[in-house]
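Report on the structure given below.
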2 protein chains.
Amino acid sequence: MRPTVHDIAAAAGVSLATVDRVLNQRPGVRHITREKVENAIRQLGYIRDVAAANLAKGRTYPLVFILPASDNSFMHGLNAEIRQAILRSPVERTDIRTIEVPAFDPSALVSVLEGLSRERPCGIAMVATDAPDVRAAVDRLVRERFPIVTLVSDLTGSLRHHYAGVDNIAAGRTAARLLGRFLGPRKGEIAVLAGSMLVRDHRERLEGFTAVLAEEFPDLAILPVLEGRDDPEVAHRLVTDALSRNAGIVGVYSLGAGNRGLIRALKAKAVDRTLTVIAHELTAHTRAALLDNTIDAILNQDAGHEVRSAIRVLKAKADGLAVIEAQERIRLDIFLKDNLP
Amino acid sequence: MRPTVHDIAAAAGVSLATVDRVLNQRPGVRHITREKVENAIRQLGYIRDVAAANLAKGRTYPLVFILPASDNSFMHGLNAEIRQAILRSPVERTDIRTIEVPAFDPSALVSVLEGLSRERPCGIAMVATDAPDVRAAVDRLVRERFPIVTLVSDLTGSLRHHYAGVDNIAAGRTAARLLGRFLGPRKGEIAVLAGSMLVRDHRERLEGFTAVLAEEFPDLAILPVLEGRDDPEVAHRLVTDALSRNAGIVGVYSLGAGNRGLIRALKAKAVDRTLTVIAHELTAHTRAALLDNTIDAILNQDAGHEVRSAIRVLKAKADGLAVIEAQERIRLDIFLKDNLP
DNA sequence: GATTTTTTGATTTACGTACATCAAATTTGG
DNA sequence: CCAAATTTGATGTACGTAAATCAAAAAATC
């Protein structure tokens, strides 16, 4: 049977109250007594029953999700997953609130973070915008002992406890290899459609992509990046233009959102030629395009996994518990038309 | 605040004891009283606090994992993950026991299943061997209200509650498309190395593989399947022979275990030619082979996810709770050298 | 050595549920 | 209508932990 606080008290030769003081780091325990208790805890292998503790404390986990106010399928999906998580709140003892901030606006994000310092949630998940001020604000909160995880977009170099998202450099590299291998011996140019080079994840994907293409597929040249602002209309125009102007395009890598426009452009322009296309994010549109061979592969991150993982990690950090690293690794999904979920 | 049994009792105008009798389906409640209580439960949206209930009951979840006694990397990995889960037992209130049965031996599996009917674990996870007797035994246990999930290898047509494993037909189809696309315009023959055609997952992978190859890559012909019995030595011999005898081989699909032998054969025999190779299961060997370009892609199922998912599902079923379907879907991982974990 | 301060013990209540017991009320059968 | 059976209520204890109170003991200070 698992040891309880009573067993610890008995083993350490102290009272229950003292064990409680040690366990919950309350004051008024002499150093040597504290050590006696800690030894007993270690020797008996005591593990606090978190469920019982939460019951006694009436604990809930107030969590805050900070999201950019972006109007694209991925963010909509992320929001939907957070709503699902809110529905599970009673069971998981969470109390989740989302805050929308203007996209690509570091100062807005910083002021929200500063506001949270007063609200004192027990955990913060945020889609990071990569800027020094944001990093500083995050570090400040971490030093104030707030658990913080970045979601989808990381803030490297900051003190955030965890990143719930995919490795975007690896994603870009994978896209390049798939494209290169699918094209085989063919030579030509590659069009890259991004949202904005101001976003870290897009920059990283491009970085990985160009690196592998340069190293291993020297016959494929990357055209200047098209910045579609994750907007289907803009994407449509840019891709249509590029295809018209450049007959040597053999492949397309769409590393951001706004794929609806890309797909429309491809269907109109590329009926005759055989383009190889890799896109990010599985949505109703990209799924259909994959099935009708307009797109050859989709790279995806599962927003549901990211949200659930962020919640698990924040709760664990709030309780000072360990996380199962392998479980919390967000994988890059590669979908061909055969393995769609 | 979440409603409690007290709120239900007050709302239904009955005593706590009666609410308890209804909740735990104890006898001695008139039909109309039971309905009053059930209405109150529905109206207040009462959800039993599983943590508190488990605390009160001193509940643990005795689970049994039934595994084939196969000596290959994947099964070793699966075992290791189960051991990890056992380490988490105190926290998760599980009590996990594994039973090894001879591989490919339906009757051994059936007798183990029958034995469990007396032991009464609160859930069973099993790597199924596909046979009518096994199906019958599983169905019998399900009718006796045992939660059962199949692990890695499914038992379609049975009443098992859940399958924690990948869609092997999809895996085979994916392998075929990757191979076909990687080979591009090249024509030639494809060698397929399987463990045994007696195993359902191998049969299904082959089925998916041949289907896509036939439909979409008619220039690629499949050679007679090599049955390596998941044994590196046998695999080595078979692949070496095949490569010697057949100069037209342009690709290899290894859908089972024993990849160590395959890799050795490839390195010895295929230095001169450019084979495209797709293999299953990420192990130290296949990982190294992927990195040194001996293998082009690895399809993988994450044993850790499968084990954790099986445990979550069994616990939920034992408590009569819903599972998050999307969370429990085991994905087919596709690894290129760029997105290795 | 007396006094103050700090540390420790003993005890109680609470969290939400399970489960057991016994008494009281209600229904059913004869 | 009475007895027997069934249904319901009231109450208490338990699970493992948190948190509070007050008394007692020990240590530190003068």
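Treat the numbers as computed from the prediction; the structure is a model and nothing was measured. Any value given below was found using the heavy atoms of this structure, including those in side chains, with hydrogens, waters and symmetry copies removed. Throughout, a chain's letter reflects where its sequence line sits, starting with A, and its residues are numbered from 1.
- Checked for salt-bridge contact, D130(B) and R135(B) meet the test: a charged N lies under 4.0 Å from a carboxylate O.
- Toward the 5′ end of DNA chain D lies the nearest nucleotide of A52(B), the other residue of the pair L23(A) and A52(B) mapping further downstream.
- If V14(B) and A56(B) are placed on DNA chain D by their nearest nucleotide, the residue sitting closer to the 5' end is V14(B).
- Between the CG atom of D20(B) and the P atom of dA14(D) there is a distance of 17 Å, given to the nearest Å.
- Comparing dT17(D), dA10(C), dC15(C) by their nearest atom to the side chain of H6(A) picks out dT17(D).
- The separation between L55(B) atom CG and dA14(D) atom P is 14 Å, rounded to whole Å.
- Considering all non-hydrogen atoms of both residues, S158(A) and L155(A) come closest at OG-O, 2.7 Å.
- The phosphate of dG16(D) (OP1 or OP2) has no side-chain N or O of T4(A) nearer than 4.0 angstrom.
- In this structure, R48(A) reaches the sugar-phosphate backbone alone: every heavy-atom distance under 4.0 Å involves primed, P, OP1 or OP2 atoms, never a base.
- Across all strands, V50(A) comes closer than 4.0 Å to no nucleic acid atom at all (heavy-atom distances).
- Between the CG atom of D49(B) and the C1' atom of dG16(D) there is a distance of 14 Å, given to the nearest Å.
- Atom CD1 of I47(A) is separated from atom P of dG16(D) by 14 Å (rounded to the nearest Å).
- Set against dT17(D), dA18(D), dT17(C), the side chain of Y46(A) has dT17(D) as its closest nucleotide.
- Residue G58(B) is classed as having no contact, given no heavy-atom separation below 4.0 Å to the nucleic acid.
- Shown here for S309(B) and E328(B), the closest heavy-atom pair between the two residues is OG-OE1, 2.7 Å.
- Here the C1' atom of nucleotide dG16(C) and the CG atom of D7(B) are 11 Å apart, to the nearest Å.
- Residue contacts shown for A17(A) include a base, since a base heavy atom lies under 4.0 Å away.
- Residue D319(A) is tested with R59(A), K57(A), R48(A) for a salt bridge (Lys or Arg N to Asp or Glu O under 4.0 Å); the sole match is R59(A).
- We find that NZ of K57(A) is positioned 12 Å from P of dA20(D), with the value rounded to whole Å.
- Contact annotation: S15(A) side-chain N/O to dA10(C) OP1/OP2 distance is not under 4.0 Å.
- The CZ-C1' distance, from R30(B) to dA5(D), rounds to 14 Å in whole Å.
- If you check dC15(C), dT21(D), dT17(C) against the side chain of R21(A), the one that comes closest is dT21(D).
- Using a 3.5 Å distance cut-off with no hydrogens or angles, the side chains of R331(B) and H305(A) do pair a donor with an acceptor.
- Between the C1' atom of dA18(D) and the CG atom of D319(A) lies a distance of 14 Å, rounded to the nearest Å.
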